[in-house]
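Since this is a predicted model, take the numbers as computed values, not measurements. Proteins come first, then strands; the chains are lettered A, B, ... in the order of their sequence lines, and each starts at number 1.
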Amino acid sequence: METLREGRERGGGDASTSDARKANGAPTGAKREEIDRVRKSLPIYRAKDRLMEEIRKSETVIIIGETGSGKTTQIPQYVYEDMTLTNGLMIGVTQPRRVAAVSVSRRVADETGTAHGTLVGYAIRFEDVSSEETRIKFLTDGMLLREAVGDPLLSKYGVIMIDEAHERTLQTDFLLGTIKGVQRRRRESLGEDQYGRALPPLRVIVMSATLEASSFSKFFDGAPVIYSRGRTFPVEMFYTEEPEEDYLDAAMWTVLQVNEEEAAGDVLVFLTGQEEIESLGRMLREKASELPSNVLKLNVVLLFAALPPEEQMKVFEPTPLGTRKVVLATNIAETSLTINGIRYVVDSGLSKLRTHHPRSGVDELLVTPIAQSQAQQRAGRAGREAPGKCFRLYTEEIMPSLEKYVKPELLRTNLSGVVLQLKAMQVDDILSFPFIDPPPKEALLRSLELLYSLDALDDDGKLNDVGKKMARFPLEPMAARCVIAAEIEGCAIETLAVLSMLSTDSVFQFSREADGQKNVARHKLKRKEGDHLTLLRVFNEFSACSPKRSRDWCREHQINHRAMTKAVKINEQLTRAAMSQGINLTSCEDDFTLVLRSLVSGFFMNTASKEMDGSFKVFTTGQKLTIHPSSVMFQSPPETILFNELVRTNKMYARDVSSIKKSWLSELASKTFSRRSTN
DNA sequence: GAGCACTGC
């Protein structure tokens, strides 16, 4: 989809430095030999001939490659070397995460001795380091899905490889279904490229790390499965004899015991969230100061996504002699980040899991026992460089009672975005879309209902002009609908800013230590109408700062600079998308009522009124809720509220809340609110 | 008066 493609922000620089290197000559003989030697030493190399034979024979192949097999970097190159497989078209390799797409791309560019962005490149949101020459392209699966909206036959690709398929992310599962449809249409010769030439069949290679191969094989009509061993070290398992009552306490004693009894090597502790990580951090640091002189000193570091990047980097600093690093992490350390030097893992057996309930529209974020596959993955983190040990803070007996795999995200998420995108890809019969694990029919029907109430669908269930515009924005349908309304209200600039802020992680930093300061800072930026306009104010004040000043401004106000930078980028992307849709970008200046009206036009399902007892009740579902204490509306709750989302943690909380007029509902969302029911 | 696991367009 051209309209959403970004310019080459980092790409330009990256390519030019690489060009310089190329001008100085491709890798020297010695370096070339070294690269070849390493490539041939990878486990996947031993399977190369068998693998390529299968790939040539079958349109679709499933590859099970354990960690360290080299499948991600090598197979794209093997496939590229065989011209008959690609027909001169591109090889697309998808990854669930941005960093992986970039780093693997860079590696493969190095191995092929070409400048990054020429033969080998990547495309992720906000960055495109690829060119006309690019034949091996790494992308996030979300990016390939966006491409499929503008090019439903994926006509630029001869081969698609879907990596890390076992993670079963929303985007990967969505992509698997999409790819299957593309294969069918290209096979049935319904497809031709932009010059009217018939497209060759689309070859697909699904790569997965676990043995969950049969479901992929079955999904692709019995595609052959090839196994490739990995390269990891054995990990010895230890369990508790009795269930732990206080696993935080147990984790602390386990760490201290490891430190006392085990050989050198760093420790990784898996916990569920920021709060308990900070709390165990305090406990351990206290104990660490009283350690006898004959044991290693403890260097406790914390790791979770909300941590500022500088703090996160501490995890990667090498451990000084005479000390032992103890990393307290969320499941960010399970897949997203790999830390060198870990020999011991302490596993709480728990993680936070988000689950959506379509009927009530509520999301739950609850501490949940992990799946067996996660337990295995966590333990494996101890055996990447040498034999290791894993201490599980649960009994061996409960293992069989754990789910085998994490429930696929597609089965526990709000599907309205997926359904909107399907409609945009002209998949009209949503219920017959080939999902590898079909979501409950009710979840799909609820999504269709929502799209209908947002005026995105006509009576036949086809996308209308409003819906087509909405699908062009990288936003959830309710948010996308606000953009359409904002044009009519005459406040597109302000509404896009609010939506950009809602699209990022919370910009307000919180931590027990800095609490006092934070409240003061937030209070200073508060706007009485609610959180949405407070966010607008934060966005505008940040934008008014010079780049140099903006860091100081963030520090003064306890605002997360990284989140702000992302909000600005998203705002730029949304603004470009709006312009390409011919939407008038007007400003309402100080008439903030118009912004709130635009938000109501999209988020009218997320509205509630105050009850006699002071609690709130959602108009449409009757769901009871409480305003989250972090909201600027917490102190003085208004009669009628609009909120961004409803998440149940300890209580049912509405997050990001603003005060609205009840009468707007029947005016702006007449399909859902008749005049009689609200006035 | 409480707290936001992790991704992605």
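Listed candidates were B/dC4, B/dT7, B/dC9. Nearest to the side chain of A/P474 is B/dC9. Checked against B/dC4, B/dC9, B/dG1, the side chain of A/Q635 finds its nearest nucleotide in B/dG1. Side-chain proximity of A/S630 to B/dT7, B/dC4, B/dC9: nearest is B/dC4. Ranking B/dT7, B/dA5, B/dG3 by closeness to the A/I332 side chain, first place goes to B/dT7. Closest contact between the side chain of A/T330 and the listed nucleotides B/dA5, B/dC9, B/dA2 involves B/dA5. When distances run from any side-chain atom of A/I124 to the nucleotides B/dC9, B/dC6, B/dA2, the shortest one goes to B/dC9. Relative to the side chain of A/F634, the nucleotides B/dC9, B/dG1, B/dC6 differ in distance, and B/dG1 lies closest.
Between A/E409 atom CD and B/dC6 atom C1' there is a gap of 8 Å when expressed in whole angstrom units. Atom C1' of nucleotide B/dT7 and atom CZ of A/R98 are separated by 11 Å, given to the nearest angstrom.
Residue-level contact check: A/T649 touches the backbone only, with heavy atoms under 4.0 Å from sugar-phosphate atoms and none from bases. Within 4.0 Å (heavy atoms only), A/N650 reaches sugar-phosphate atoms of the nucleic acid but no base atom. Counting non-hydrogen atoms under 4.0 angstrom, A/R354 reaches a base of the nucleic acid. Among the atoms of the strands shown, none is found under 4.0 Å from any heavy atom of A/S351. Within 4.0 Å of A/L365, counting heavy atoms only, lies at least one base atom of the nucleic acid. Across all strands, A/T140 comes closer than 4.0 Å only to sugar-phosphate atoms, never to a base (heavy-atom distances).
The six-membered or imidazole ring of A/H628 lies away from that of A/F643, with a centre-to-centre distance of 6.0 Å or more.
Regarding contacts with the backbone of B/dA2, every side-chain N or O of A/R655 stays at 4.0 angstrom or more from both OP1 and OP2. OP1 or OP2 of B/dA2 has not a single side-chain nitrogen or oxygen of A/Y653 nearer than 4.0 Å. At B/dC6, none of the side-chain N or O atoms of A/R97 fall inside 4.0 Å of OP1 or OP2 (strictly under the cut-off).
At least one side-chain heavy atom of A/P439 sits under 4.5 Å from a side-chain heavy atom of A/L415.
No side-chain N or O of A/Y405 forms a donor-acceptor pair with one of A/Q372 less than 3.5 Å apart.
Residue pairs meeting the salt bridge (charged side-chain N to carboxylate O under 4.0 Å, His left out) criterion with at least one partner in residues 499-508 of chain A, sequence neighbours excluded, are absent.
A search for ring-ring contact (aromatic ring centres under 6.0 Å, His included) contacts involving A/F539 returns nothing, not counting sequence neighbours.
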